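Quick caveat, the model's predicted, so the values are computed rather than measured.
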Amino acid sequence: MFDHRPGFLLPGFVDTHIHFPQTFAGDAYGGGQLLEWLELCMYPAESRYADPEFALSAATEFCARRIAAGTTAAMVFGSAFPHAQDALFTETRRRGLRIVAGRGIQTTGADAAAPLITTEDDAIRLTSEEIDKWHAADTGDVDTALLHVAVVPRFSLAVTRTTLKNLGDLYDSVRERGVYFHSHLNENNRPGTGEVDATKQAYDVATYLDTYDGKFLPGSAVGGKSMLGKRTILAHCVHCQDDELRRMAETGTSVAHCPVSQQFLGSGTMPWKRTLASGVTVAAGTDYGGGDEWLIPQVLSAAFKVHISEPGEQGVSMHPAEMLFTGTLAGARALDMEDRFGNFDVGKEADFIVVEPARVPALESTLAYGVRSDDPALARDQTLFALLMGIREPAITEVYVRGRRVDVV
């Protein structure tokens with residue numbers, strides 16, 4: 001038995017949206033907002049993973065940074081290159097972390113994205129091969145596995161109607177195997193030239209969500225099978241229409257909320273109260289690469305700040321327990337693994353972290369000397385809030401997945 005007092009035990013953090021091929025591309029400057037940033041900064045950065053040695057070093061770094069940040073489970077946007085994905089899954093299995101990942105699928109795009117683009121046939125072939133090779137590869141049973149695969153088109157502008165139809169057919173054929181779907185939705189709403197308008201114009205659809213829901217033909221006519229469902233996580237969802245939120249709630253599709261990234265790329269603020277009121281699950285995502293933070297508590301800190309600043313009655317002061325939930329159990333729920341991890345319920349697998357405030361003097365001082373209410377419940381909430389806002393990587397001294405300690409090296 002170990003006594004970590006005066007430290008804290010918290011459930012392991014769950015990152016529902018992070019980019020493996022952007023491991024070395026955080027804080028990228030010179031790209032502007034989303035579409036320009038992709039073309040000028042990210043496509044060139046991701047193309048470097050064509051080099052197997054570079055991809056291997058990135059996989060090692062990616063896992064080390066996850067452990068340092070206390071992220072025990074993650075939904076990962078993967079590399080376009082199969083050898084890079086092999087390196088990611090191999091290193092993740094060696095470290096003993098949880099992962100859902102899929103190769104980034106692109107079949108069309110700007111010249112800068114050319115190294116990442118495949119033919120329509122190869123898009124399906126490579127994705128199918130990844131599913132067969134890595135989905136539940138560690139245990140052979142999706143209900144006990146740490147390794148899972150997702151179908152991951154970058155976003156609708158990076159693929160074609162043919163791709164969406166073929167991916168819908170593929171996903172329909174593997175859905176019962178517990179395969180996931182992951183992509184981006186309604187991130188940048190710059191009038192006329194942003195991602196949302198460009199997608200609706202390119203596909204001639206009523207909503208961006210229609211493209212993932214099998215309704216990607218002109219006028220939102222049905223052209224294929226839906227990829228929405230309880231193992232589907234869509235990142236950002238900053239500018240959703242009410243109909244989109246209703247459809248996501250109806251299908252069990254979840255949102256990866258990435259407020260750090262949304263600030264970094266000028267994408268706007270996801271309306272907290274309106275999104276939650278729709279009934280969708282909202283979990284935290286770093287979107288590292290698009291965001292400049294690996295640490296889920298920093299994402300929660302950003303969420304608190306942006307949502308208390310929403311105009312008028314839409315502004316909300318997030319409760320500390322709601323913040324912790326968003327970074328832990330909500331992520332497990334979005335991954336459809338709430339029965340396995342996400343909190344300390346008896347019978348769940350032991351994913352947790354040890355936090356030692358003394359490793360971060362500012363955090364230690366805040367916890368020791370901060371004003372606390374005479375009301376025990378409020379004092380508890382004030383302590384949790386201070387802890388979440390003040391955690392930095394050095395304070396996370398131990399990380400456990402399924403009761404087994406995982407190490408940075």
Side-chain angles (χ1 to χ4, degrees), residues 17 75 77-78 80 82 100-109 113 116-132 135 142 148-187 195-237 239-256 280 334 336:
H17 183 59
M75 170 66 86
F77 183 105
V100 182
R103 62 173 304 274
I105 300 165
Q106 295 186 242
T107 55
T108 188
L116 310 173
I117 294 173
T118 69
T119 65
E120 301 285 2
D121 288 344
D122 281 349
I124 301 304
R125 178 181 62 81
L126 293 172
T127 302
S128 298
E129 289 175 354
E130 183 174 47
I131 293 168
D132 290 340
H135 191 56
V142 69
H148 301 263
V149 175
V151 175
V152 187
R154 180 182 289 277
F155 58 171
S156 294
L157 288 175
V159 294
T160 67
R161 288 190 175 96
T162 298
T163 317
L164 289 173
K165 182 184 185 308
N166 292 340
L167 289 179
D169 289 340
L170 172 63
Y171 192 56
D172 189 63
S173 72
V174 297
R175 193 188 286 263
E176 292 303 313
R177 294 168 57 184
V179 173
Y180 291 79
F181 180 84
H182 186 51
S183 194
H184 301 82
L185 177 72
N186 289 325
E187 182 174 358
E195 170 219 19
V196 176
D197 280 355
T199 301
K200 291 163 68 176
Q201 292 163 10
Y203 284 90
D204 188 17
V205 290
T207 73
Y208 190 160
L209 185 70
D210 285 344
T211 59
Y212 301 132
D213 200 15
K215 296 179 286 188
F216 48 74
L217 296 181
S220 293
V222 174
K225 294 181 171 64
S226 175
M227 291 174 280
L228 307 183
K230 66 178 182 177
R231 290 204 165 191
T232 294
I233 300 177
L234 298 176
H236 303 296
C237 302
H239 305 287
C240 288
Q241 301 176 33
D242 288 342
D243 286 347
E244 291 175 300
L245 291 174
R246 279 194 292 270
R247 178 61 176 157
M248 291 170 69
E250 175 183 276
T251 57
T253 299
S254 299
V255 171
V280 300
D336 194 33

Mind checking the OG1-CZ spacing from T118 to R125? Nearest 0.5 Å is all I need.
8.5 Å

Between E195 and Y208, is any pair of side-chain heavy atoms under 4.5 Å apart?
yes

Heavy-atom closest pair, residues L185 and L234:
CD2-CD1, 3.8 Å

Do you know the tightest heavy-atom contact between R103 and A80?
NH2-O, 2.9 Å

What is the minimum heavy-atom distance between D336 and K230, and which atoms define it?
OD2-CE, 3.5 Å

Is any side-chain heavy atom of D169 less than 4.5 Å from a side-chain heavy atom of K225?
yes

Flag side-chain contact, heavy atom, 4.5 Å: T163 against P153:
no

Between R246 and E250, does any side-chain N to carboxylate O distance fall below 4.0 Å?
no

Between E244 and R247, does any side-chain N to carboxylate O distance fall below 4.0 Å?
no

Pick out which of H135, E130, R231 makes a side chain to side chain contact (heavy atoms under 4.5 Å, CB included) with V179.
H135

Measure up the H236 and H184 rings against each other and bin them: parallel (under 30°), tilted (30 to 60°), perpendicular (over 60°).
parallel

List the atom of R175, the atom of S226, and the distance in Å for their closest heavy-atom pair.
NH2-O, 2.9 Å

Work out which heavy atom in A256 is nearest to a heavy atom in H17; give both atom names and the distance.
CB-CB, 3.7 Å

Supply the atom-to-atom distance L209 CG to L245 CG, rounded to the nearest 0.5 angstrom.
9.0 Å

Can a donor-acceptor pair be found between the side chains of S183 and Y212 at a distance below 3.5 Å?
yes

Residue of the set T160, N166, T162 for which side-chain hydrogen bond (donor to acceptor under 3.5 Å, both in side chains) holds with E120:
T160

Keeping the roles fixed (side chain from S173, backbone from L170), state whether a donor-acceptor pair exists under 3.5 Å.
yes

Any side-chain heavy-atom pair from M248 and C237 closer than 4.5 angstrom?
yes

I need the M227 CE to F181 CZ distance, nearest 0.5 Å.
4.0 Å

Counting C-beta onward and ignoring hydrogens, is there a side-chain heavy-atom pair between L217 and R161 closer than 4.5 Å?
yes

Out of curiosity, K200 NZ to N186 CG, how far, rounded to the nearest 0.5 Å?
8.0 Å

Is any side-chain heavy atom of L167 closer than 4.5 Å to a side-chain heavy atom of I124?
yes

Considering only heavy atoms from C-beta outward, does the side chain of F216 approach that of K165 to under 4.5 Å?
yes

Pair S156, T199: side-chain N/O donor-acceptor within cut-off below 3.5 Å:
no

Would you call T251 and T232 a side-chain contact if the rule is heavy atoms closer than 4.5 Å?
no

Looking only at heavy atoms, the pair that brings G229 and T253 closest together is N-OG1, 3.0 Å

I need the D132 CG to T127 OG1 distance, nearest 0.5 Å.
11.0 Å

Any chance you could measure M75, atom CE, to I233, atom CD1, to the nearest 0.5 Å?
4.0 Å

